[in-house]
Structures are given as structure tokens and as C-alpha cells.
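As a basis for the values below, the full set of heavy atoms in this structure was taken, side chains included, without hydrogen atoms, waters or symmetry mates.
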Amino acid sequence: MNMLPHRIAAGGIIIRGDAILLVRYSDNADGSYLVGPGGALNDGENVEDAIVRETMEETGVMVKPVRLLWIEDLQCKHFKMNKTWMLCEVVGGEVARTQGAIDEGITLAGWFTKRELEGETVYPPPLMEHDWSHFASESWRVICLPSRPAGF
């Protein structure tokens, strides 16, 4: 059995009022989708450090991770990815078009309300399944998401 390489990644869920910070990727074959900022861990980096770095690189916003929300298992084209999602607080900065976003193929970073996301493809899937205010509640429990294929 041939095993794909494994990749460890992290993503931030950043909510301000009734809006969430997301980035848009456009893929000519599959259309476009919105996702929380994030990416692979660098050598010597932990999940929280990666979320802070990736969010700054992709959006210009500085965050502080505060709570684990989900662990996601993705079957990608060239690797298997385990991604940890954490709720984050904004500690500074403003959304901006960054060189990191441009280099990564991100076409937009911005704040979106749930209503604005209707009809959009949004990842991770639980974002559209839950009331965002519950993520910060003491009753929130970490969810291990079912394995799913990813288009990248």
C-alpha cells in the first residue's frame, strides 16, 4: 500500500461581532471557496504559532488563539492533512491585501456575515452548521470532523 505524505496544518476561526474573517481561493476547475486563514506548520512551530503567522501572512490581522474547535482530516491530491482549527481573538491589524496572500493565490480576505455566505462554498464545514456565538461558550466541545476529500 502506498502511503501519501502527511501534512500538519492549523487554521484560525476569527469572529468580530456578527462577521467572520475568511480568505477566498479561486480554482478555475472547481470555482471558488472561502476558508479560515491557515496553513502548514513550519519546522519547530506549534499549532498556535502557525495560526498567528498564517493569519498575519494571509490577512494582515494579528490574532491570539484561545480555544480548540475542530480537528479536520483531509484526503488531498498529493498528501493526507490533519488540520487543527482554533477560535482566535483579534489583537491588532486590519484586513489588507498582503504579499503572502498574493503568493498563495488568495484573491480576497475579508469579514463576512453568515447571511453574506449563503450560496458560497465555505470551509471548514461546521462554520455554516453552528451558531458562531457557541464557539466561545464553556459548553463547546472539540469535534473531530469526519475524513473528507479535498480538491487541492
Side-chain angles (χ1 to χ4, degrees), residues 4-42 45 47-90 93-136 140 142-152:
L4 290 174
H6 286 70
R7 179 178 181 182
I8 301 170
I13 302 300
I14 303 107
I15 298 168
R16 183 176 70 182
D18 67 344
I20 188 166
L21 182 60
L22 299 172
V23 298
R24 181 182 299 280
Y25 286 90
S26 295
D27 180 342
N28 293 336
D30 298 324
S32 72
Y33 60 93
L34 291 158
V35 63
L41 275 66
N42 290 333
E45 189 174 49
V47 167
E48 291 182 352
D49 293 340
I51 292 169
V52 170
R53 176 185 51 76
E54 288 282 349
T55 302
M56 176 57 83
E57 287 176 3
E58 295 178 359
T59 70
V61 175
M62 294 177 283
V63 298
K64 174 186 173 189
V66 294
R67 176 185 300 263
L68 180 61
L69 296 176
W70 306 293
I71 299 171
E72 189 172 33
D73 181 54
L74 300 168
Q75 303 297 321
C76 306
K77 291 177 184 174
H78 303 289
F79 53 86
K80 178 177 173 56
M81 182 165 65
N82 182 276
K83 190 165 189 175
T84 301
W85 290 95
M86 292 187 75
L87 182 65
C88 300
E89 295 175 354
V90 173
E94 294 293 329
V95 175
R97 182 96 169 118
T98 65
Q99 189 60 50
I102 293 166
D103 293 345
E104 203 169 310
I106 293 170
T107 60
L108 173 72
W111 295 99
F112 297 86
T113 64
K114 206 167 217 181
R115 175 175 232 149
E116 292 171 320
L117 296 174
E118 291 174 8
E120 293 274 6
T121 301
V122 180
Y123 296 109
L127 284 177
M128 300 307 288
E129 300 166 0
H130 294 278
D131 179 333
W132 297 341
S133 65
H134 292 163
F135 300 155
W140 181 262
V142 176
I143 299 171
C144 289
L145 300 175
S147 184
R148 70 174 176 84
F152 56 90

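Closest non-hydrogen pair, I20 versus W132, comes out as CG2-CH2, 3.4 Å. Pairing each heavy atom of P65 with each of C88, the nearest pair is CA-SG, 3.8 Å. Annotation for T84 and I51: closest pair O-CD1, 4.4 Å, computed over non-hydrogen atoms. Looking at every heavy atom in both residues, L108 comes nearest to R97 through N-NH1, 4.4 Å. Counting all heavy atoms, side chain and backbone alike, A109 lies closest to V95 at O-CG1, 3.2 Å. Taking every heavy atom of both residues into account, A9 and M81 meet most closely at CB-SD, 3.5 Å.
Judged as a side-chain contact (heavy atoms from CB on, under 4.5 Å), and not counting sequence neighbours, the contacts of I143 are W70, H130, W140, L145. T98 meets the side-chain contact (heavy atoms from CB on, under 4.5 Å) test with A101; sequence neighbours excluded.
The side-chain heavy atoms of H78 and R7, taken from C-beta on, include no pair separated by under 4.5 Å. Annotation: side chain of H6 is not in contact with side chain of I8 (no heavy-atom distance under 4.5 Å). The side-chain heavy atoms of N42 and R53, taken from C-beta on, include a pair separated by under 4.5 Å. At a threshold of 4.5 Å between non-hydrogen side-chain atoms, the residues E72 and R148 count as touching. Inter-residue side-chain proximity for I106 and P37 is flagged as unmet; no heavy-atom pair is nearer than 4.5 Å. Using a 4.5 Å cut-off on side-chain heavy atoms (C-beta onward), R24 and E120 make contact.
Not a single donor-acceptor pair under 3.5 Å links the side chain of E54 to the backbone N or O of G11. The backbone N or O of V61 sits nowhere less than 3.5 Å from a side-chain atom of T55 that would complete a donor-acceptor pair.
More than 12 heavy atoms of other residues, nucleotides or ligands sit less than 6.0 Å from atom CD of E129. Heavy-atom contacts from other residues, nucleotides or ligands closer than 6.0 Å to NZ of K80 number more than 12.
Atoms CG and OH, from L22 and Y123 in turn, are 13.0 Å apart once rounded to the nearest 0.5 Å. Note that CG of L41 is 11.0 Å distant from CD of E48, once rounded to the nearest 0.5 Å. Of the inter-residue distances, the one linking K83 atom NZ with D73 atom CG reads 13.0 Å to the nearest 0.5 angstrom. Separation of atoms CD (E89) and CE (M62) is listed at 13.5 Å; rounding is to 0.5 Å. Atoms CG and CG, on L117 and L127 in that order, are 8.0 Å from each other to the nearest 0.5 Å. Annotation: the span from W85 atom CH2 to L68 atom CG amounts to 12.5 Å, rounded to 0.5 Å.
Using cut-offs of 30° and 60° on the angle between ring planes, the pair Y33 and Y25 is parallel.
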Evaluation steps, salt bridge (Lys or Arg N to Asp or Glu O under 4.0 Å), between K114 and D131: CA-CA 9 Å; K114 206 167 217 181; D131 179 333; over 6 Å; no

Take R67 and M86 through the side-chain contact (heavy atoms from CB on, under 4.5 Å) test and state the conclusion after the steps. CA-CA 5 Å; R67 176 185 300 263; M86 292 187 75; 5.8 Å; no

